[in-house]
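In what follows, a structure is listed as C-alpha coordinates, so that the remarks can point back to it.
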Amino acid sequence: MKSHISWADARVLADAARAKGGTVVTTNGCFDILHRGHLSYLTASRKLGDLLIVGINSDASVKKLKGPDRPINNQEDRALLLSALRVVDAVCVFDEDTPVEWLQSIEAKIHTKGADYKGKAIPEIEAVKKWGGKISYIDFVADYSTTKTLQKMKGPLVK
(Lines give C-alpha, C1' and ligand atoms only; values in the text may rest on other atoms or scores of the structure.)
Protein backbone atom coordinates (compact mmCIF):
# COMPACT_ATOMS: atom_id res chain seq x y z
CA MET A 1 0.00 0.00 0.00
CA LYS A 2 1.51 3.33 -1.07
CA SER A 3 1.48 5.94 1.64
CA HIS A 4 2.29 9.03 -0.41
CA ILE A 5 2.91 10.27 -3.93
CA SER A 6 5.60 12.43 -5.51
CA TRP A 7 5.18 16.14 -5.99
CA ALA A 8 5.10 15.54 -9.75
CA ASP A 9 2.28 13.01 -9.41
CA ALA A 10 0.39 15.45 -7.19
CA ARG A 11 0.71 18.07 -9.94
CA VAL A 12 -0.73 15.61 -12.47
CA LEU A 13 -3.73 14.98 -10.16
CA ALA A 14 -4.20 18.72 -9.65
CA ASP A 15 -3.99 19.47 -13.37
CA ALA A 16 -6.54 16.73 -14.12
CA ALA A 17 -8.96 18.12 -11.52
CA ARG A 18 -8.53 21.66 -12.89
CA ALA A 19 -9.09 20.41 -16.47
CA LYS A 20 -12.50 19.13 -15.34
CA GLY A 21 -13.33 22.48 -13.72
CA GLY A 22 -12.53 21.27 -10.22
CA THR A 23 -11.08 23.20 -7.32
CA VAL A 24 -7.81 21.95 -5.85
CA VAL A 25 -7.26 22.39 -2.11
CA THR A 26 -4.01 21.84 -0.22
CA THR A 27 -3.11 21.85 3.42
CA ASN A 28 -0.02 20.85 5.34
CA GLY A 29 1.24 19.90 8.76
CA CYS A 30 2.99 17.29 10.85
CA PHE A 31 -0.12 15.21 11.60
CA ASP A 32 1.94 13.25 14.12
CA ILE A 33 -0.79 11.55 16.17
CA LEU A 34 -4.10 11.64 14.31
CA HIS A 35 -7.03 12.78 16.43
CA ARG A 36 -10.54 14.21 16.13
CA GLY A 37 -9.21 17.72 15.57
CA HIS A 38 -7.22 16.60 12.54
CA LEU A 39 -10.23 14.83 11.04
CA SER A 40 -12.44 17.89 11.55
CA TYR A 41 -9.80 20.15 9.99
CA LEU A 42 -9.23 17.86 7.00
CA THR A 43 -12.98 17.41 6.45
CA ALA A 44 -13.51 21.19 6.47
CA SER A 45 -10.60 21.60 4.06
CA ARG A 46 -11.98 18.97 1.66
CA LYS A 47 -15.42 20.65 1.62
CA LEU A 48 -13.80 23.71 0.03
CA GLY A 49 -12.98 21.88 -3.20
CA ASP A 50 -12.95 18.76 -5.32
CA LEU A 51 -9.46 17.45 -4.55
CA LEU A 52 -7.54 17.63 -1.26
CA ILE A 53 -3.79 17.11 -1.32
CA VAL A 54 -2.06 17.04 2.07
CA GLY A 55 1.60 17.89 2.51
CA ILE A 56 3.29 16.47 5.57
CA ASN A 57 6.58 17.48 7.09
CA SER A 58 9.27 14.82 6.75
CA ASP A 59 10.67 13.29 9.93
CA ALA A 60 13.72 15.58 9.72
CA SER A 61 11.51 18.63 9.28
CA VAL A 62 9.32 17.68 12.26
CA LYS A 63 12.42 17.31 14.44
CA LYS A 64 13.48 20.84 13.49
CA LEU A 65 10.03 22.24 14.27
CA LYS A 66 9.03 20.21 17.32
CA GLY A 67 12.26 18.99 18.88
CA PRO A 68 14.33 15.79 19.12
CA ASP A 69 11.55 13.64 20.59
CA ARG A 70 9.27 14.15 17.64
CA PRO A 71 7.76 12.86 15.50
CA ILE A 72 6.16 10.05 17.45
CA ASN A 73 5.08 8.33 14.22
CA ASN A 74 7.42 8.25 11.22
CA GLN A 75 6.53 9.92 7.94
CA GLU A 76 5.53 6.68 6.24
CA ASP A 77 3.07 5.82 9.01
CA ARG A 78 1.69 9.37 9.15
CA ALA A 79 1.25 9.44 5.37
CA LEU A 80 -0.37 6.00 5.33
CA LEU A 81 -2.94 6.95 7.97
CA LEU A 82 -3.78 10.21 6.23
CA SER A 83 -4.06 8.56 2.81
CA ALA A 84 -6.57 6.08 4.26
CA LEU A 85 -9.00 8.87 5.16
CA ARG A 86 -11.90 9.35 2.71
CA VAL A 87 -11.49 13.12 2.72
CA VAL A 88 -7.83 12.98 1.65
CA ASP A 89 -7.14 12.39 -2.03
CA ALA A 90 -3.34 12.35 -1.88
CA VAL A 91 -0.43 12.87 0.51
CA CYS A 92 3.02 14.28 -0.26
CA VAL A 93 6.08 14.58 1.99
CA PHE A 94 8.30 17.66 2.07
CA ASP A 95 11.68 18.19 3.77
CA GLU A 96 11.80 21.98 3.69
CA ASP A 97 11.12 24.20 6.72
CA THR A 98 8.04 25.63 4.99
CA PRO A 99 5.65 24.12 2.45
CA VAL A 100 6.24 26.91 -0.10
CA GLU A 101 8.21 24.84 -2.65
CA TRP A 102 5.69 22.02 -2.40
CA LEU A 103 2.81 24.47 -2.84
CA GLN A 104 4.49 25.95 -5.92
CA SER A 105 4.64 22.48 -7.45
CA ILE A 106 0.83 22.11 -7.20
CA GLU A 107 -0.62 25.65 -7.41
CA ALA A 108 -3.86 24.91 -5.60
CA LYS A 109 -6.74 27.39 -5.74
CA ILE A 110 -7.17 27.16 -1.94
CA HIS A 111 -4.61 26.42 0.75
CA THR A 112 -5.97 25.90 4.26
CA LYS A 113 -4.31 26.77 7.54
CA GLY A 114 -5.48 26.54 11.12
CA ALA A 115 -7.29 29.62 12.42
CA ASP A 116 -4.39 30.23 14.82
CA TYR A 117 -2.40 31.46 11.79
CA LYS A 118 -4.96 34.15 10.89
CA GLY A 119 -3.33 37.57 10.87
CA LYS A 120 0.19 36.14 11.04
CA ALA A 121 2.80 36.65 8.35
CA ILE A 122 3.30 33.14 7.00
CA PRO A 123 5.31 32.39 3.84
CA GLU A 124 2.42 30.51 2.24
CA ILE A 125 0.39 33.72 1.79
CA GLU A 126 2.67 35.35 -0.77
CA ALA A 127 3.34 32.06 -2.55
CA VAL A 128 -0.35 31.23 -3.00
CA LYS A 129 -1.17 34.78 -4.18
CA LYS A 130 1.37 34.44 -7.03
CA TRP A 131 -0.90 32.05 -8.95
CA GLY A 132 -4.19 33.62 -7.86
CA GLY A 133 -4.94 31.23 -5.01
CA LYS A 134 -6.17 32.09 -1.55
CA ILE A 135 -5.65 31.03 2.04
CA SER A 136 -8.67 29.78 3.95
CA TYR A 137 -8.47 29.52 7.74
CA ILE A 138 -10.12 26.56 9.48
CA ASP A 139 -11.21 26.62 13.12
CA PHE A 140 -9.83 23.95 15.42
CA VAL A 141 -11.82 21.60 17.61
CA ALA A 142 -11.17 22.76 21.17
CA ASP A 143 -8.91 20.63 23.38
CA TYR A 144 -7.55 18.44 20.58
CA SER A 145 -3.88 18.57 19.66
CA THR A 146 -0.95 16.19 19.47
CA THR A 147 0.71 18.10 22.31
CA LYS A 148 -2.36 17.64 24.54
CA THR A 149 -2.51 13.95 23.63
CA LEU A 150 1.14 13.53 24.62
CA GLN A 151 0.52 15.39 27.89
CA LYS A 152 -2.35 13.02 28.71
CA MET A 153 -0.14 10.03 27.98
CA LYS A 154 2.44 11.23 30.50
CA GLY A 155 -0.19 11.19 33.27
CA PRO A 156 -1.09 8.18 35.43
CA LEU A 157 -2.49 5.22 33.55
CA VAL A 158 -6.12 4.47 34.27
CA LYS A 159 -6.98 0.81 34.87
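The model shown is predicted, which means the values in this text are computed figures rather than measured ones. Hydrogens, waters and symmetry mates are skipped; everything else that's a heavy atom, side chains included, is used.
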With sequence neighbours excluded, what pairs up with [X] under the salt bridge (Lys or Arg N to Asp or Glu O under 4.0 Å) test?
X: K109; result: none
X: D97; result: K64
X: R11; result: D15, E107
X: K129; result: E126

**Message:** Does any part of the side chain of P99, heavy atoms only, come nearer than 4.5 Å to the side chain of E124, both counted from C-beta?
**Reply:** yes
**Item:** Close side-chain approach of N28 to K113, heavy-atom, < 4.5 Å
**Value:** yes
Grab the two heavy atoms, one from [X] and one from [Y], that are nearest each other, plus how far apart they are.
X: V91; Y: S3; result: CB-O, 3.9 Å
X: P68; Y: K63; result: O-NZ, 3.4 Å
X: D50; Y: G21; result: OD2-O, 4.5 Å
X: C92; Y: S6; result: SG-O, 3.9 Å
X: R46; Y: V87; result: CD-O, 3.2 Å
X: D32; Y: P71; result: OD2-CA, 3.2 Å

**Item:** Residue pairs involving residues 53-62 (criterion side-chain hydrogen bond (donor to acceptor under 3.5 Å, both in side chains); sequence neighbours excluded)
**Value:** N57-S61, S58-D95, D59-R78
Report yes or no: do [X] and [Y] belong to one cluster of Ile/Leu/Val/Met/Phe/Trp/Tyr joined by side chain heavy-atom distances under 4.5 Å?
X: V100; Y: V25; result: no
X: L42; Y: I138; result: yes
X: V93; Y: V12; result: no

Roughly how far, to the nearest 0.5 Å, is the [atom2] atom of [Y] from the [atom1] atom of [X]?
X: I110; Y: S136; atom1: CD1; atom2: OG; result: 6.5 Å
X: D139; Y: D116; atom1: CG; atom2: CG; result: 10.0 Å
X: F31; Y: N73; atom1: CZ; atom2: CG; result: 13.5 Å

**Message:** side-chain contact (heavy atoms from CB on, under 4.5 Å), that's the test. Do V54 and T26 meet it? Break it down for me.
**Reply:** CA-CA 6 Å; V54 179; T26 54; over 6 Å; no
**Asked** Between V62 and L65, does a side-chain contact (heavy atoms from CB on, under 4.5 Å) hold up when you go through it step by step?
**Response** CA-CA 5 Å; V62 173; L65 289 169; 5.7 Å; no
**Asked** Given a cutoff of under 4.5 Å between side-chain heavy atoms of I, L, V, M, F, W and Y, with clusters grown through shared members, what are the other residues clustered with V24?
**Response** I5, W7, L13, L51, I53, F94, W102, L103, I106, Y117, I122, I125, V128, W131, I135, Y137
**Request:** Apply side-chain contact (heavy atoms from CB on, under 4.5 Å) to C30 and K66, showing your working.
**Result:** CA-CA 9 Å; C30 299; K66 305 284 186 176; 3.8 Å; yes
With no hydrogens and no angle check, is any side-chain donor or acceptor of [X] less than 3.5 Å from a backbone partner on [Y]?
X: S40; Y: R36; answer: no
X: T98; Y: P123; answer: no
X: K20; Y: A16; answer: no

